[in-house]
Amino acid sequence: MRIAEISSPDLRPTPSLSDLLSKLEALTTEIERHSPESPLPESLAGNLRHGLTQLASLAPFQNSVKLQIWKLSYRLWNACVDLSNFLRSSSSKITDEHAKLRQVSADLLFLAVDVSGVPSPCFKCASFFYKTGTIWHDLSKYDLASNCFEKATDLISKFEVMNVSDREERRLLLDLNIARSRTAWEVSDKNLAINLLNRSKKVLFGIVENYMDLANQYMSFGKLALSKNEVSCVNEALKLMSEALELCEKGLRNVKKPEETLALKELRLKTLRFMAASHLQRDEFESVLKCVKVLRDGEKGEDHPSSSVLAMKAWLGLGRYGEAEKELKGMVVNKGIPEGVWISAMESYLQVVGTSGAETAMGVFVGLLGRCHVSAGAANRVVQRVVGDCVNGEGGRVRAKVVAEFVSNDKVVALFGGELAAKERSVMHALLWNCGADHFRSKDYEVSAEMFEKSLLYVPHDIENRSNRAKGFRVLCLCHLGLSQLDRAQEYIDEAAKLEPNIACAFLKFKIYLQNKDHNGAITQVQAMPTCVDFTPEFLSLSAHEAIACRALPVAIDSLSRLLTFFSSGKPLPMPTTEVIVYRTLITILIQEPRDETEVLKYMKKAHARLSDLGPERFFGTGELGIRERNWFALNLWNIGLKSGQEKNYQVCGELFRMCAEYYGVTIDGQMEGNNSMVCKSLILAVSAMLAAEKLSKNPLLDNEVKQAIELLERAGKILMSGSTKTHPDDENAMIEPHFYFIYTLSAYDLYTRLNDTESKQLVLIKNYANSKYCNPNHLLQIGLNASEGPRPNTQVATFCLNTCISSLLSSSSPEYHTVALILRKLITIIGIHKGSANDDDDGEDGVYGMYKKAYRIMVGLKAGEYPVEEGKWLAMTAWNRAALPVRLGQVPEAKKWMDMGLEFAGRVAGMDTYKSCMEDFVTGVEKKVEAQGHLIVGS
């Protein structure tokens, strides 16, 4: 806190008494001269309050000073009175500033309340506080009002009530108690409020006016309690009204003038009616009837409208509907009962009696019609009261029927003829139309059609009302559509089209075609809609929704496809929805159509073209919304692509996956949201589908198609090699499964066979795959088998794959020897074909003999039958047979090498004992022959 902000005592000298009085007089003069048209400055009240505080500190005063203070107070008060009179004449509200000035005036007078020479100073000062408190009360400043009333009470409480003789002073005693009571009620101190009213009974002084005012205040509190509609409050209301009734009775005993008697009796009857209403609220129906009986048994007999209503409701509560009906009919005869009161009573009767009282109500209504020949406006009021909320179950339908019969009466219709009744005629039309609309919304088309038909009775047959009549025919068409009365619906819409041909007529005709299941007619009508003058694209959207609801999918497709043309037309038309939603809806429908993948693809491509034109944010939207929209298109392409692949529709499948990659590759707000993996997989499957289509159709891919496929794979390869995706096969959240790498490698290998320098590219590709952690021996085996077969075999790739595969299998803890045996056989075959026998004397691992030795080493140590017997026999027989040519050529060492290999295999394969014995005999014979000749014959 700064030093300047620290408060210190005011050391300025207090002004003298004369200075203060001069200051107050100057401020009072300023208020007297103030223009009432301008608002009071806030400083005036503050300055007066400050001067008053300083003046109070100089008390007590001489009597002459007190008289001067009284004059100042009255001058200030009179100035306030002039200001308030002007405000009331100009219908302006009294402000807080005005009340503050009144408060200062009263407080100023209070300083000199013990002045000599002024008659009844305490009562005069109390009057100031009472009037100021009343102003605070009106401003809802109840604490300030209460403070004023309490000060006034303190001032006059020192006087004995019976010693007060002045009429105005006596009246102040009563007014002050009532005012305090009203303020206490407002701050929810009801006990004090009622206590103050009870005190007021001591200051009535036998004056009839006082009895009436106090009774009215009891009544006012009673009505407030009654309005809360709570059990405790209703009980309290009855007590208060009983007090009011008792005061009326006492007042009547003290009355002296005839006019006073009449006023008190009116108040007494009013109190009885409210007591009856209180009993009715408590469902004390017998007490209600007792009150009504007292009202009717008076000197002249009560004929107030509410008496009949109260009696009727009481009879209804007791279940005595016959008595209630008599009261209702008696109200019709009573000319003094307003139509509004009668209608309210009739609605209460219908609400309780329900449908069983409809006949009675209709008969009474005819009686009411006799009372409504005064004007068209009276008929409108009657219909409005009866219709009300006409959609209310069966009772609502009955009331609607009653109204329909009433408004179709020739005499009633005649009331609305001519130009003078034009306004009332429009009101009647609106009442009937709204009733029909309510029933239409509740799907009660029968009653709705009847009300709309009756409403047309109040539409003139002139040019100005052609549009209203056409509107009526159109809505009647809708009603009969709801009732499946298509012929009548067609009649009404044809009439409407004659009066006002517009888009609404075209749309309703479209609905009729749909209901008749005439899809061609519906599509023709859709094509005609844009030619209407008031056409908007929204009607195409509505047509699509209607067609979907009727399962007329071809019609919906046609409507949506036409709606799409307006997005790209460049015309400034209000569109019913976004373009992406239209595409999504259309594609959803197409997906439901069997074997319609080509149409789905067509609109997916169109949507992508619009996406490219507008940009992702404008087409899909931004943020999460845009991402969801993009993923919807991509995911559906993925699913349809998989379905097409399963159905071997590979050509469409490839295009679907290619488009899928394009959608997954769209960035929203610069974020890919982890869709790199889906782009990669889509590209891989797209190329795989292209190759599958080629194989199925046996039509080789064209050069540009091969180039295109390679470009797609290169895009996929960049994603695979970028490390931007999780790819570990043990990762549960892996984004790209290992088999996609295999498909990618297999497809790339196939495509590379069609290029120059094929073998080197293929070998590099396969080695990269083999060296990766995603390599699977089975996949590698498949690649090797493919490389060894077909029109464009690659021996290097085949041998590399097979050798790598066999090494991987043998390094396993439990090798699959069946697969190992097949690979060995394949390797021996490939090497034998492509290397021939030129290297048969080569014992290297890459030669044929080396492969046999590798097979033998694998078999060594295996249990019987662990290595496939058939494969073992094949190795033994083929190794032995390879010795045949060297034998014929006399190449004994070469022949001996292969025969020994065959014998070794035969010795390890079950079931070859006989073969082995024959082999051994043949080898022995060859050895003997060599020994006999003494030398070896070397073949050329």
Side-chain angles (χ1 to χ4, degrees), residues 637-638 641-642 644-645 648-662 664-665 676-722 725 727 736-772 774-776 778-802 804-805 830:
L637 279 166
W638 177 273
L642 291 177
S644 299
K648 296 185 179 182
N649 189 2
Y650 296 121
Q651 184 174 359
V652 174
C653 174
E655 293 188 52
L656 288 166
F657 277 118
R658 184 179 173 187
M659 188 55 59
C660 180
E662 297 299 324
Y664 271 125
N676 275 335
S677 61
M678 294 306 297
V679 173
C680 181
K681 289 193 279 189
S682 299
L683 291 170
I684 292 170
L685 291 178
V687 176
S688 177
M690 291 173 68
L691 295 174
E694 177 190 45
K695 185 176 180 181
L696 185 65
S697 64
K698 298 180 181 179
N699 294 323
L701 293 175
L702 301 176
D703 292 342
N704 64 325
E705 292 175 329
V706 172
K707 182 179 178 182
Q708 186 182 81
I710 290 175
E711 290 174 354
L712 295 177
L713 279 183
E714 287 177 350
R715 284 177 59 191
K718 288 178 181 178
I719 297 173
L720 287 174
M721 305 309 169
S722 66
T725 58
T727 53
I736 298 183
E737 298 81 354
H739 65 266
F740 277 99
Y741 285 83
F742 165 65
I743 299 172
Y744 163 78
T745 303
L746 194 63
S747 300
Y749 173 82
D750 191 328
L751 291 169
Y752 285 163
T753 61
R754 305 151 196 255
L755 303 175
N756 296 328
D757 194 18
T758 295
E759 294 186 358
S760 60
K761 286 185 177 180
Q762 288 177 319
L763 187 59
V764 170
L765 176 72
I766 301 306
K767 284 184 177 181
N768 288 338
Y769 175 70
N771 294 329
S772 70
Y774 318 114
C775 179
N776 183 305
N778 292 328
H779 292 162
L780 202 59
L781 173 60
Q782 187 173 344
I783 294 172
L785 294 175
N786 287 352
S788 66
E789 300 168 355
R792 295 177 288 273
N794 187 326
T795 306
Q796 283 184 310
V797 171
T799 55
F800 171 78
C801 288
L802 296 174
T804 307
C805 184
I830 293 170

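A quick note: this is a predicted structure, and the numbers were derived from the prediction, not measured.
Within the model, atoms OG of Ser688 and CD1 of Ile684 stand 9.5 Å from one another, a figure rounded to the nearest 0.5 Å. Between atom CG of residue Asn704 and atom CD of residue Glu711 there is a gap of 10.0 Å, rounded to the nearest 0.5 Å. We find the CG-CE distance between Leu637 and Met678 to be 10.5 Å, quoted to the nearest 0.5 Å. The distance from the CG atom of Leu712 to the CG atom of Leu685 is 12.0 Å, given to the nearest 0.5 Å. Between the CG atom in Asn649 and the CD atom in Glu655 there is a gap of 9.5 Å [rounded to 0.5 Å]. Here the CD-CG distance, from Gln782 to Leu785, works out to 7.5 Å after rounding to the nearest 0.5 Å.
Tyr650 approaches Gly645 most closely through the heavy-atom pair CE2-O, 3.6 Å. Taking all atoms of both residues into account, the shortest heavy-atom contact from Ala689 to Cys653 is CB-SG, 3.8 Å. Between Ile830 and Ala798, the shortest heavy-atom distance links the atoms CD1-CB, 3.9 Å. Closest of all the heavy-atom pairs between Thr745 and Leu765 is O-CD2, 3.5 Å. Across all non-hydrogen atoms, the minimal contact from Tyr752 to Gln762 is CB-CG, 3.8 Å. Here the closest non-hydrogen pair linking Val797 and Ala787 is CG1-CB, 3.7 Å.
Not a single ring-ring contact (aromatic ring centres under 6.0 Å, His included) links Phe740 to another residue, sequence neighbours left out.
Within the 3.5 Å criterion, the main-chain N or O of Gln796 finds a donor-acceptor partner in the side chain of Thr799. Between the Glu694 side chain and the Leu701 main chain, a donor and an acceptor come within less than 3.5 Å of each other.
Under the 4.5 Å side-chain criterion, counting only non-hydrogen atoms from C-beta, Leu696 is not in contact with Gln651. Residues Ile766 and Thr804 have side chains not in contact (no heavy-atom distance under 4.5 Å, counting atoms from C-beta outward). Put simply, the side chain of Asn768 reaches to within 4.5 Å of the side chain of Val764, judged on heavy atoms. Under the 4.5 Å side-chain criterion, counting only non-hydrogen atoms from C-beta, Trp638 is in contact with Lys681. Considering only heavy atoms from C-beta on, Leu713 stays 4.5 Å or farther from Leu683 through its side chain. Side-chain contact check for Val687 versus Leu751: some heavy-atom pair is nearer than 4.5 Å. For the pair Leu720/Ile736, a side-chain contact is recorded, criterion being any heavy-atom separation below 4.5 Å from C-beta on. Side-chain contact between Leu780 and Tyr769 is present, with at least one heavy-atom pair separated by less than 4.5 Å.
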Carefully, step by step, assess His739 and Asn776 under the rule side-chain contact (heavy atoms from CB on, under 4.5 Å).
CA-CA 9 Å; His739 65 266; Asn776 183 305; over 6 Å; no
Passes salt bridge (Lys or Arg N to Asp or Glu O under 4.0 Å), Arg658 versus Glu705? Steps please.
CA-CA 13 Å; Arg658 184 179 173 187; Glu705 292 175 329; over 6 Å; no
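At most 12 heavy atoms of other shown residues, nucleotides or ligands fall within 6.0 angstrom of atom CG in Asp703.
A parallel orientation is assigned to the rings of Phe742 and His779, their planes being inclined by less than 30° (bins at 30° and 60°).
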